[in-house]
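Report on the following structure.
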Amino acid sequence: MPELPEVETIRMGLKEQAVNLKVLKIDIYNQKSFQGNPQNFFNLTIKDIFRRGKMLGIEFENDRVLVIHLKMSGQLIFVPSKIKKNRSTIYNLKRYEALFHKQIRVIITFDNGSKLYFNDQRKFGWIREFPSLQKAIDDIFGNLGPEPLEDNFSFDDFRRSLQKRGKTAIKVALMDQHLIVGIGNIYSSEALFLARINPVKKIEQLSQSEIKKLFDSMRKVLLMGIAQKGASRSHFVNERGEKGNFLNVAKVYNREGKPCFTCGNLIENIILNGRSSFYCSRCQM
DNA sequence: CACTTGACCTGTCCGC
DNA sequence: TGCGGACAGGTCAAGT
C-alpha cells in the first residue's frame, strides 16, 4: 500500500501512542512476516518511531531496532488497552480479531495490555530485526536515495540524482528508491500532473525549469498526502484503522476516462514498468 | 545500461 | 451462481 505520506501518517500516530511502552510478547502467525527472534524484545521499552523512505523503524531502549516494510497490503493497527468508544476507531478487540483474523501476521503485546497488529493480506510485507540502528543503515538504509522532504534536500540534489539516469522515463526514475525515497505509483502520477510533464518523457529531455517544477510539485503532493492522512485505494488505514483522504483530492490517479480538472480532456492510463500510469495527454507534454 | 517480465501472495471485481 | 482473468500504494531477480 503505502508510500511516504501513508508511512509518515502511521509514524506520527504510532509515536504518540507507543513510545515508552514495554513489550510483553510477540506472536507470529506467518513466519516470513517476522525475520528475527521475538524473544529478544521481551521487556524492552520503545524509545522512538522513525521513518526511512517507505519503511518504518521502531527503536528500543537498548538500541535494538525493528524495521517494517508494509509493501502493498500491510497495515499496522494499534489497539490501546483502554479504548474510548469512537465510531471511526477500532474499539472492540474481539470483533476486530474476528474480522481480520485471516490477515493478522504478527501481534506485539505490551505490558499494559495494548497491542500492535501487523496485518498483511498479500504477505509481501515484513518486520525485520536489527541489533542496532547502524546495522540497519549498513544493511538496508544505506543504498537508498535522499528523503525528499528533509530541509537539507535541495533542488541541486534532486537534479543530480535524476541526471544519473538520463535515458529513463521520468516516472520510472521518480519511483526508484535508489534515486529518491518515498515516492510510488500514486504520488509519482500526481507530481507529474502538477508539473505538467508526460510520465514517459526521458530525463535527458527535461528542461531545467521542468525539473524545478517537478521538484516543487513532488514535495507539494507529498505534503498534501500527509495533510490528507494518506491515500486509501483499498488497504491503507492509519494506526487507528482510519482511511486517508488523499484520493478525494487526487487529480489523475485512478481517474482513467474522467475529464481532466484543468482542460476537460479524458485522463488516460498507460502501463509503464508494469504499473498503471495516469495522466492527461493534453496538459502533460 | 535500460527495459520487460515474472515472482512473491491473497482478495476483489467484472464480464461471460 | 460460478469461473477465469485482470488488477492492486512494492521490490527483486533474471532475461533480452
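Since the model is a prediction, treat every value here as computed from it, not as a measurement. The chains referred to below are lettered A, B, ... by the order of the sequence lines, with proteins before strands, and numbering in each begins at 1.
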Given [options], identify the nucleotide with an atom nearest to the side chain of [X].
X	options	answer
A:His69	B:dG11, C:dT11, B:dT4	C:dT11
A:Lys123	C:dT11, B:dT10, B:dG11	B:dT10
A:Lys102	C:dT11, C:dA8, B:dG11	B:dG11

### Query
In a check of salt bridge (Lys or Arg N to Asp or Glu O under 4.0 Å) between A:Arg51 and each of A:Glu147, A:Glu6, A:Glu59, A:Glu3, which one passes?
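Result: among A:Glu147, A:Glu6, A:Glu59, A:Glu3, A:Glu147 is the only option passing the salt bridge (Lys or Arg N to Asp or Glu O under 4.0 Å) with A:Arg51.
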
Find the distance [X]:[atom1] to [N]:[atom2] and express it as a whole number of Å.
X	N	atom1	atom2	value
A:His101	B:dT10	NE2	P	14 Å
A:Asp139	C:dT11	CG	P	17 Å
A:Ile271	B:dT5	CD1	C1'	13 Å
A:Phe100	B:dG11	CZ	P	13 Å
A:Leu144	C:dC12	CG	P	8 Å
A:Asn119	B:dT10	CG	C1'	13 Å
A:Ile170	B:dC3	CD1	P	12 Å
A:Gln103	B:dC9	CD	P	16 Å

### Task
Would you mind listing every ring-ring contact (aromatic ring centres under 6.0 Å, His included) that reaches into residues 36-70 of chain A, with sequence neighbours excluded?
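ring-ring contact (aromatic ring centres under 6.0 Å, His included) check on residues 36-70 of chain A returns A:Phe41-A:Phe60, A:His69-A:Trp126.
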
Under 4.0 angstrom between [X] side-chain N/O and [N] OP1 or OP2:
X	N	value
A:Gln177	C:dT11	yes
A:His235	C:dA8	no
A:Lys54	C:dT11	yes
A:Ser276	C:dA8	yes
A:Lys202	B:dC3	yes
A:Thr168	B:dC3	yes
A:Lys32	B:dC9	yes
A:Arg165	B:dC1	no

### Query
Checking all strands, does A:Asp120 fall into the base, sugar-phosphate, or nothing category for heavy-atom contacts under 4.0 angstrom?
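Answer is nothing: A:Asp120 stays at 4.0 Å or more from every strand.
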
### Task
Would you indicate what A:Tyr187 reaches in the nucleic acid, counting non-hydrogen atoms under 4.0 angstrom: base, sugar-phosphate, or nothing?
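Nothing: the residue A:Tyr187, judged by heavy atoms under 4.0 Å, touches no strand.
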
### Task
Under 3.5 Å for both distances, Watson-Crick or G-U wobble, that's the pair rule; now give the dot-bracket for DNA chain C, with | marking pairs to another strand and [ ] for crossing ones.
.|||||||.|||||||

#### Entry: 5'-most by nearest nucleotide on DNA chain C - A:His178 or A:Asn269
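Here A:Asn269 is the residue nearer the 5' end.
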
### Query
Would you call the rings of A:Phe215 and A:Phe155 parallel, tilted or perpendicular, where under 30° means parallel and over 60° means perpendicular?
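If you compare the ring of A:Phe215 with that of A:Phe155, the planes turn out perpendicular.
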
### Query
Can any side-chain N or O of A:Gln17 pair as donor or acceptor with the backbone N or O of A:Phe78 at less than 3.5 Å?
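Not at all, since once roles are kept as given, no pair shorter than 3.5 Å links the two residues.
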
At a cut-off of 3.5 Å, list every protein nitrogen or oxygen paired with a nitrogen or oxygen from nucleotides 13-15 of chain B, distance to 0.1 Å.
none

### Message
For the NZ atom on A:Lys135, are there more than 12 heavy atoms of other groups (residues, nucleotides or ligands in this structure) within a distance under 6.0 Å?
### Response
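Not more than 12 within 6.0 Å, no.
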
### Task
Mind checking the NZ-OG spacing from A:Lys115 to A:Ser81? Nearest 0.5 Å is all I need.
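The OG atom of A:Ser81 is 11.5 Å from NZ of A:Lys115, to the nearest 0.5 Å.
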
### Query
Should the pair A:Arg159-A:Asp156 be classified as a salt bridge under the 4.0 Å nitrogen-to-oxygen rule?
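Salt bridge between A:Arg159 and A:Asp156, a charged N being under 4.0 Å from a carboxylate O: yes.
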
### Query
Quantified in whole Å, what is the P atom distance between nucleotide C:dT11 and nucleotide B:dG11?
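After rounding to an integer number of Å, I get 22 Å for this pair.
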
### Query
C:dC3 and B:dC8: how far apart are their P atoms, nearest whole angstrom?
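After rounding to an integer number of Å, I get 25 Å for this pair.
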
Less than 4.5 Å apart, side chain to side chain, heavy atoms only: is that true for [X] and [Y]?
X	Y	answer
A:Pro259	A:Asn265	no
A:Phe118	A:Phe34	no
A:Met12	A:Ile226	yes
A:Asn43	A:Lys22	yes

### Query
Is the ring centre of A:Phe124 under 5.5 Å from the base ring centre of B:dC8, and are the two planes under 30° apart, so that they stack?
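Stacked: centres under 5.5 Å apart, planes under 30°.
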
